[in-house]
Amino acid sequence: MNTITLNNGVTMPQLGFGVWQVADDEAESAVATALSAGYRSIDTAKLYHNEAGVGRAVRESGIARDELFITTKLWNDEHGYDSALRAFDASMERLGLDVLDLYLIHWPAPAQDKYVETWKALEKLYADGRVRAIGVSNFTVQTLDRLLDKADVVPAVNQIELHPQLAQDALRAYDSAHGIATEAWSPLGQGKGLLDEPVLTRIAAKHDRTPAQVVLRWHIQLGNVVIPKSVTPERIRQNIDVFDFQLDPADMTEIASMDAGRRLGPDPATFG
Ligand SMILES: NC(=O)c1ccc[n+]([C@@H]2O[C@H](COP(=O)([O-])OP(=O)(O)OC[C@H]3O[C@@H](n4cnc5c(N)ncnc54)[C@H](OP(=O)(O)O)[C@@H]3O)[C@@H](O)[C@H]2O)c1
């Protein structure tokens, strides 16, 4: 498993397992399958209502805690200094963990105008050693500019929607120039549709791989952290099996040509 070194020296697996839209019980079995397939990083959120199931799978795996990297996120109704501190405690209670690896502000929710105050609470949790790294999700250049102006700690990660049809070149360059790792959500474009694109099926056939593996390999070669979700054991295993082949420059260029600015999720400038 490749790792990425974050701006505070903490290392994070470059490929992890996402559990959005997975019910709590199902999350427990999917995470167990993922851990036995070799995943060591799990991405959950308060919103997903499955932090407890993730925590059970982690504990029952018997894998040493320091080999695992657990991320959760603060939801839009938890912005503000005191409510962010309370939200963290509640997430940790559900997860059953003492120390978290990465805590993210899920959305900037600019209309609430509380993300700077919320960030101050994450800085406090970080200073107190309750979380090994803090970051953001769905932040744009505009919201990051404002946050960086007020922050004492630069976010370690910006988790954003990113797949071949929304390549986010400008935001990736901004993150990189500021020492922020870019993590891709919906890295497979949510599966259907994207994975049938002829460019991807052709490159997949050339390498004797699946289109999903080609897309994940594209992310890895770009340097993105990536967190594909699946509840299908065969796909869970397939999605981590992307470290023993290379896309060539022509493949990378062809996939880059698929960028259409096509968003599947909400617009971070207005959401929340
Ligand atoms: N920060 C945010 O705002 C945000 C937003 C969205 C997502 N996320 C995170 O990012 C993670 C991944 O994003 P996502 O769940 O939206 O979408 P995704 O990982 O791009 O795609 C998941 C979909 O693709 C299918 N799939 C997975 N592997 C496949 C394969 N090898 N071949 C064919 N189909 C495959 C899955 O089906 P099956 O499950 O049926 O196998 C599922 O329907 C989430 O789980 C969550 O952790 C974060």
Side-chain angles (χ1 to χ4, degrees), residues 12-24 26-27 29-31 33-34 37 39 41-51 53-54 69-76 78 91 95 101-109 115 135-140 143 155 157-168 171 175 181-197 200-201 204 209-220 224-242 262-272:
M12 173 177 192
Q14 196 179 356
L15 188 146
F17 187 65
V19 292
W20 180 42
Q21 294 178 312
V22 184
D24 193 64
E26 200 179 14
S29 61
V31 170
T33 304
Y39 292 76
S41 166
I42 311 294
D43 181 82
T44 183
K46 190 247 182 176
L47 176 79
Y48 305 168
H49 300 290
N50 57 23
E51 291 171 309
V54 168
F69 192 99
I70 312 298
T71 301
T72 194
K73 315 182 192 85
L74 166 138
W75 187 238
N76 297 342
E78 299 172 311
S91 277
L95 283 162
D101 297 286
L102 179 63
Y103 197 40
L104 304 177
I105 300 179
H106 207 144
W107 293 85
Y115 59 85
V136 295
S137 177
N138 299 300
F139 274 52
T140 57
T143 44
V157 168
N158 186 17
Q159 184 184 116
I160 56 173
E161 182 180 346
L162 202 178
H163 42 75
Q165 293 175 330
L166 183 70
Q168 300 264 32
L171 191 46
D175 287 348
T182 298
E183 180 172 25
W185 65 254
S186 294
L188 300 172
Q190 300 179 359
K192 57 209 172 280
L194 177 70
L195 300 179
D196 296 328
E197 284 290 322
L200 297 175
T201 53
R209 295 288 173 148
T210 67
Q213 289 175 314
V214 166
V215 172
L216 293 170
R217 186 68 214 174
W218 171 80
H219 284 286
I220 297 292
N224 301 334
V225 178
V226 72
I227 42 169
K229 169 264 177 186
S230 176
V231 292
T232 314
E234 199 282 318
R235 290 174 173 174
I236 293 174
R237 289 189 285 272
Q238 180 194 122
N239 292 348
I240 197 178
D241 184 18
V242 294
R262 180 169 169 244
R263 224 177 249 295
L264 301 167
D267 181 349
T270 51
F271 187 64

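Keep in mind it's a predicted model, so treat the numbers as computed, not measured. For ligands, and for the atoms within them, numbers begin at 1 and follow the listed sequence.
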Student: Could you tell me if the side chain of I227 sits less than 4.5 Å from the side chain of E183, heavy atoms only?
Tutor: yes
Student: So do D241 and Q238 actually touch side chain to side chain, heavy atoms under 4.5 Å?
Tutor: no
Student: Using the six-membered ring wherever Trp is involved, compare the ring planes of Y48 and W20 and label them parallel, tilted or perpendicular (cut-offs 30° and 60°).
Tutor: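 Ring orientation of Y48 relative to W20: tilted.
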Student: Just jot down the side-chain hydrogen bond (donor to acceptor under 3.5 Å, both in side chains) partners of E26, sequence neighbours excluded, or say none.
Tutor: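 None.
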Student: For K229, what residues pass the side-chain hydrogen bond (donor to acceptor under 3.5 Å, both in side chains) criterion, not counting sequence neighbours?
Tutor: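 Result, side-chain hydrogen bond (donor to acceptor under 3.5 Å, both in side chains) vs K229: none returned.
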Student: With hydrogens left out, which residues have an atom under 4.0 Å from ligand 1, given that only heavy atoms count?
Tutor: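 Answer by chain and number: G18, V19, W20, D43, Y48, K73, H106, W107, S137, N138, Q159, W185, S186, P187, L188, G189, Q190, G191, L195, A212, I227, P228, K229, S230, V231, T232, R235, Q238, N239.
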Student: Please report, to 0.1 Å, the donor-acceptor pairs under 3.5 Å made by any side chain of residues 190-197, with sequence neighbours excluded.
Tutor:
from	atom 1	to	atom 2	distance (Å)
Q190	NE2	S186	OG	3.1
K192	NZ	Q190	O	3.1

